[in-house]
Amino acid sequence: MRTFRTPRPRRPRRVVGALAVTAATALASAATLLPAGQAGAAGTTLRSLAEAKGIYFGTAITQGDLNNAALTAVAGSQFGMLTPANEMKWDTVEPSRGSFNYAPADRLVSFAQAHSMRLRGHTLVWHSQLPSWVGALPANQVQAAMRNHITNEVGHYKGKLYAWDVVNEMFNEDGGFRTDAFYNAMGVGFVADALRTARAADPNVKLYLNDYNIEGLNAKSDAMYNLVKSLKSQGVPLDGVGFQAHFVLGQVPSSLKANLERFTALGVEVAVTELDDRMQLPASSTALAQQGRDYASVITTCLAVRGCVGITQWGVGDGDSWIPGTFPGYGAATLYDNNYQAKPAYAASAAALGSGAATPTPTPSTPGPTPTPTPSTPGPAVSCAVTGSVSSWDTGLVENLTVTNTGSTAVNGWKLAFDLPAGQSVTSAWSAVIDPSAGRVTAGNVEYNGTIAPGASASFGFQATHTGDVALPTGFSLDGTPCTTA
Ligand code: XIL
């Protein structure tokens with residue numbers, strides 16, 4: 001990644017330092033901090049692109065993540081579905097028998113509601129993050145404890161969630177049932193019992209079974225398939241199957257589509273519930289390009305499967321992802337880098353969701369979407385500073401730029417002109433309209449980021465092809481006034 005020297009967070013007025021070049025493959029180096037990561041906060045977000053195609057694009061965050069302004073800015077703008085990553089699990093909600101704690105999850109529910117996001121409840125019955133008191137119960141008390149837990153928690157969130165992962169990870173890799181507290185006490189019937197209990201507590205929420213390594217055709221997905229078929233034939237309430245999709249780079253199963261389709265043929269919806277795509281660190285540009293193809297193939301597959309209702313990425317960015325802590329040596333598994341800058345997989349995902357069609361670049365003869373109005377009173381000259389970062393691979397790059405109004409008057413409607421290095425050609429843009437695609441280009445604001453108050457910034461980004469020169473642009477000028485990159 002290449003960056004201008006980074007601005008200090010919370011001091012957007014500060015003019016930034018000289019162009020600094022870091023290793024092209026480094027993800028987490030001195031990349032720009034927000035607001036650049038908010039790229040695409042309207043019109044061309046993953047969320048809006050997905051929704052335009054009839055699916056959702058979601059994320060999973062923790063209560064601790066709410067303290068991270070960069071993370072929440074991306075989460076609240078780019079994603080339309082939220083899964084609390086830990087806070088609805090049994091160990092948090094009912095740490096001791098009969099005493100329920102909803103405060104952590106309620107905070108995440110409030111965040112989702114404040115950002116008009118829907119919610120997936122995760123998860124009611126699971127062998128992991130299960131308080132020890134459940135495992136210590138005599139077998140003849142487990143069913144009552146499970147029913148009470150489900151009834152209480154589903155009741156608490158009644159009417160607020162899109163779906164519940166009622167049972168999570170019930171199978172071993174060979175397709176046998178995992179011998180956890182629930183199976184040991186109740187046998188296979190615990191699944192139907194949990195689903196029926198959840199339905200009684202909220203008749204409208206979608207009820208899911210969720211697992212990992214069931215994305216392709218294999219023994220484990222066969223077991224899930226047979227279970228779903230059996231439950232449906234018995235009339236057990238079951239609406240969907242969640243495919244976690246914790247993938248390893250380059251290993252999205254080729255049978256994903258066929259597998260999803262055999263489930264939808266049983267009369268359930270399907271969703272990708274915990275998508276990430278891990279690679280060995282440090283991430284190479286080749287790996288990041290492959291990650292783009294992996295994400296795109298998952299998205300394309302979901303869009304092609306009638307009954308695939310959405311995709312949730314597990315985490316927002318590489319810095320909050322669970323992967324490095326669980327799979328040592330692996331990481332870089334999400335669409336955003338450690339500084340919440342979009343990675344190549346972001347552009348690949350947006351493209352798979354149809355961003356090219358959704359954000360046509362206007363021809364030079366057509367006016368931009370929001371022309372700069374003539375100021376009613378002459379103000380001080382515009383003053384501006386630009387920061388940027390670029391991630392590149394063999395033939396492509398993704399760039400995020402932030403323009404800061406360093407003057408004392410608000411900018412209302414803006415055009416930022418700059419020179420792209422020779423050989424670079426813009427193929428798609430978000431949070432700005434860029435025209436033409438090469439040479440000296442102009443980025444015009446979109447509807448939501450047209451006003452830049454003094455000290456504030458606007459961020460946008462683009463994907464481009466290149467022929468070897470992946471340097472950042474030069475010669476920035478805002479509404480005709482040169483900007484510093486200093
Ligand atoms: C993970 C969380 O992300 C971590 O913070 C936690 O320490 C462990 O659990 N499958 C699931 C998720 O169903 O609940 C897991 O979440 C990731 C694997």
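The analysis underlying the following values was restricted to heavy atoms, covering all of them including side chains, and did not include hydrogens, waters or symmetry mates. Not measured: the values here are computed from a predicted model. Read the numbers this way: they start at 1 and go in the same order the structure lists the ligands and their atoms.
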J.: Out of Gln129, His246, Gln244, Lys89, who is nearest to atom 15 (C) of ligand 1 when you count heavy atoms only?
T.: Lys89
J.: Quick check: does Glu274 get an N/O under 3.5 Å from an N/O on ligand 1?
T.: yes
J.: Report the part of Asn168 (side chain from C-beta onward, or backbone N, CA, C, O) that has a heavy atom under 4.0 Å from ligand 1; answer both or neither where that applies.
T.: side chain
J.: Heavy-atom distances under 4.0 Å decide this one: backbone, side chain, both or neither, for Thr326 against ligand 1?
T.: neither
J.: Report yes or no: does a heavy atom of Trp314 sit under 4.0 Å from some atom of ligand 1?
T.: yes
J.: Establish, yes or no, whether a centroid distance under 6.0 Å links the rings of Phe327 and Trp322.
T.: yes
J.: Can you label the angle between the Trp126 ring and the His122 ring as parallel, tilted or perpendicular, going by 30° and 60°?
T.: tilted
J.: Indicate yes or no for a side-chain donor-acceptor contact from Lys89 to the backbone of Ala85 under 3.5 Å, with no hydrogens or angles considered.
T.: yes
J.: State the atoms of ligand 1, each with its element, that fall below the 4.0 Å cut-off from a heavy-atom position in Trp126.
T.: 14 (O)
J.: Does this structure show an ion pair linking Arg107 with Asp65, if we count only N-O contacts that are shorter than 4.0 Å?
T.: no
J.: Would you call the rings of Phe177 and Tyr183 parallel, tilted or perpendicular, taking 30° and 60° as the class edges?
T.: parallel
J.: Hey, does the Lys NZ or Arg CZ of Arg47 hover above the aromatic six-ring of Phe79, less than 6.0 Å from the centre and inside 45° of the axis?
T.: no
J.: Return the residue, atom name and 0.1 Å-rounded distance of the protein heavy atom closest to atom 5 (O) of ligand 1.
T.: Asn86 ND2, 2.9 Å
